[in-house]
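Each remark here refers to the structure printed beneath this line.
It should be emphasised that the depicted structure is a prediction, and the values quoted were computed from it without experimental measurement.
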Amino acid sequence: MINNKKVVVIMPAYNAEKTLEKTYNEIYQNFVDEIILVDDFSSDKTKEISKQLNITTIVHEKNLGYGGNQKSCYRAALKANADIVIMLHPDYQYTPKLIPAIASMMAFDEYDAVIASRMLGNSALKGGMPFYKFISNRFLTEFQNFVIGQKLSEYHTGFRGFTKRVLEHLPLEDCSDDFIFDNQMLALLFYNGYKIGEISCPTKYFKEASSINFMRSCKYGLEVLRVSLEYRLAKMGIGIKLFNREGKKLDLDKELKYY
């Protein structure tokens, strides 16, 4: 615990057998109360390795997508009575060593959410981020900051933390089950007035690290533009389903299959 807040690390996993143990071994266990992994119907031994590491393991009987995986992760964390939930990809692209710092930023009630930014400190290219992804990230981030009216250094990192209050109140069931889920979640945080903090994070790009292909990246980019414009329209009073304050909260009654 940090400041008497229960810290739970969630791992949305898909074919992570080659990197899971390395990621797990760099988590400072003294600061984390529980680790939960959700295996999104992997074709490798992700769930077996997770169980060997004594990680609380949940399995999907079919692939639900990146956003669908996160929804299961957050349901499980809330059912475990987490006060602070940190999402860490098990592909070893982000360093787990930042978990105590990220958790502390929320444990003392300074922020409602925290993202680990690859753009702060100019470490993205040094870590091997493909140049086209770097340019796309910068363009999309500048576009979103302009349309949404914020000043984040990036919107597209997969290393992030949230307080229990955020996860209980955002209409996450209305969000996509695809990669755009991450972006929708940040837009919803800003729309509902939550405070988002940032911390600089080194990153690593290598063969086993999860990464979407060029075509999926293009689709994601177009969806990011759409989410930003929908946010602006909602702020202007035009009804947009995603930003409906009566949207669907996480369904905690939905069954989770523990492995």
Side-chain angles (χ1 to χ4, degrees), residues 6-103 106 113-116 118 156-164 166-167 172 177-179 181-182 185 199 201-206 208-212 250 254 256-259:
K6 182 175 182 179
V7 179
V8 173
V9 171
I10 59 165
M11 291 182 172
Y14 181 68
N15 291 341
E17 68 173 9
K18 294 181 179 179
T19 53
L20 173 56
E21 186 170 2
K22 184 182 291 188
T23 304
Y24 173 82
N25 287 338
E26 287 195 11
I27 296 175
Y28 291 122
Q29 303 289 335
N30 291 342
F31 293 91
V32 175
D33 297 283
E34 187 172 354
I35 303 172
I36 300 173
L37 180 142
V38 177
D39 182 3
D40 197 23
F41 200 60
S42 295
S43 59
D44 64 4
K45 296 182 179 179
T46 296
K47 61 181 182 291
E48 289 85 358
I49 294 172
S50 178
K51 199 65 177 178
Q52 290 170 11
L53 294 171
N54 293 317
I55 297 173
T56 300
T57 306
I58 296 167
V59 293
H60 287 165
E61 295 182 334
K62 63 178 181 179
N63 187 276
L64 299 183
Y66 176 59
N69 193 328
Q70 281 194 64
K71 291 175 188 179
S72 292
C73 286
Y74 296 132
R75 289 187 194 102
L78 290 176
K79 288 183 177 183
N81 297 313
D83 296 301
I84 294 169
V85 180
I86 297 177
M87 180 176 74
L88 172 68
H89 290 183
D91 63 358
Y92 201 59
Q93 188 178 121
Y94 304 94
T95 174
K97 296 175 183 178
L98 290 179
I99 288 173
I102 293 172
M106 293 176 285
V114 176
I115 64 171
R118 298 165 295 181
H156 316 293
T157 173
F159 192 9
R160 43 181 67 191
F162 306 99
T163 61
K164 177 181 180 179
V166 163
L167 297 176
L172 298 182
D177 287 338
D178 207 344
F179 288 102
F181 177 93
D182 274 351
M185 200 170 181
I199 186 170
C201 176
T203 185
K204 311 177 194 74
Y205 280 81
F206 52 97
E208 289 80 15
S210 296
S211 182
I212 61 176
L250 278 176
K254 189 167 288 189
L256 297 172
K257 183 178 179 181
Y258 289 83
Y259 184 65

Are [X] and [Y] close enough that some pair of their side-chain heavy atoms sits under 4.5 Å apart?
X: Thr157; Y: Cys201; result: no
X: Phe159; Y: Ile115; result: no
X: Lys71; Y: Leu250; result: yes
X: Ile55; Y: Ile36; result: no
X: Pro12; Y: Met87; result: yes
X: Thr23; Y: Asp91; result: no
X: Lys47; Y: Glu17; result: no
X: Phe179; Y: His156; result: no

Pairs where residues 74-83 contributes a residue and the test side chain to side chain donor-acceptor pair (under 3.5 Å) is met, not counting sequence neighbours:
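The answer is Gln70-Tyr74, Arg75-Glu173.
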Gap between atom [atom2] of [Y] and atom [atom1] of [X] - 0.5 Å precision:
X: Ile10; Y: Ile86; atom1: CD1; atom2: CD1; result: 9.5 Å
X: Leu20; Y: Ser50; atom1: CG; atom2: OG; result: 5.5 Å
X: Cys73; Y: Leu78; atom1: SG; atom2: CG; result: 11.5 Å
X: Asn54; Y: Ile35; atom1: CG; atom2: CD1; result: 10.0 Å
X: Gln52; Y: Tyr24; atom1: CD; atom2: OH; result: 12.0 Å

N/O donor-acceptor pair under 3.5 Å between [X] side chain and [Y] backbone:
X: Thr46; Y: Asp44; result: no
X: Asp178; Y: Gly67; result: no
X: Asn25; Y: Glu21; result: yes
X: Thr203; Y: Arg118; result: no

Could you go through the side chain to side chain contact (heavy atoms under 4.5 Å, CB included) check for Met185 and Leu172 one step at a time?
CA-CA 7 Å; Met185 200 170 181; Leu172 298 182; 3.9 Å; yes
Side chain to side chain contact (heavy atoms under 4.5 Å, CB included) between Val85 and Lys6, worked out
CA-CA 9 Å; Val85 180; Lys6 182 175 182 179; over 6 Å; no
Mark yes when over 12 heavy atoms from residues, nucleotides or ligands other than [X] sit less than 6.0 Å from its [atom1]; otherwise mark no.
X: Glu34; atom1: CD; answer: yes
X: Lys45; atom1: NZ; answer: no
X: Glu61; atom1: CD; answer: no

Given the ring of Tyr92, does Lys204 sit roughly above its face, with NZ or CZ under 6.0 Å from the centre of the six-membered ring and within 45° of the axis?
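Judged by the rule (NZ or CZ under 6.0 Å from the ring centre, within 45° of its axis), Lys204 counts as positioned above Tyr92.
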State, to 0.1 Å, how close Pro90 and Met11 come at their nearest heavy-atom pair, and which atoms those are.
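Nearest heavy atoms, Pro90 then Met11: CB-SD, 3.9 Å.
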State, to 0.1 Å, how close Lys51 and Thr57 come at their nearest heavy-atom pair, and which atoms those are.
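Lys51 and Thr57 have their closest heavy atoms at N-OG1, 3.8 Å.
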Side chain to side chain contact (heavy atoms under 4.5 Å, CB included) assessment of Ser72 paired with His60:
CA-CA 9 Å; Ser72 292; His60 287 165; 2.7 Å; yes
Before you tell me yes or no, could you show the steps for Asp40 and Lys62 under salt bridge (charged side-chain N to carboxylate O under 4.0 Å, His left out), namely the whole-Å CA-CA distance, both residues' side-chain angles and the distance that decides it to 0.1 Å?
CA-CA 7 Å; Asp40 197 23; Lys62 63 178 181 179; over 6 Å; no
Establish, from distance only, whether the side-chain atoms of Asp182 and Tyr66 form a donor-acceptor pair under 3.5 Å.
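A donor-acceptor contact under 3.5 Å links the two side chains.
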I'd like to know if the side chain of Asp39 pairs up with that of Ser42 as donor and acceptor (distance under 3.5 Å, no hydrogens or angles considered).
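There is such a pair between these side chains.
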What side-chain donor-acceptor pairs closer than 3.5 Å can you find for residues 94-101, not counting sequence neighbours?
unit_1	atom_1	unit_2	atom_2	d
Tyr94	OH	Gly158	N	2.9
Thr95	OG1	Lys97	N	3.2

Run the numbers on Leu37 and Thr56 for side chain to side chain contact (heavy atoms under 4.5 Å, CB included), then give the verdict.
CA-CA 6 Å; Leu37 180 142; Thr56 300; over 6 Å; no
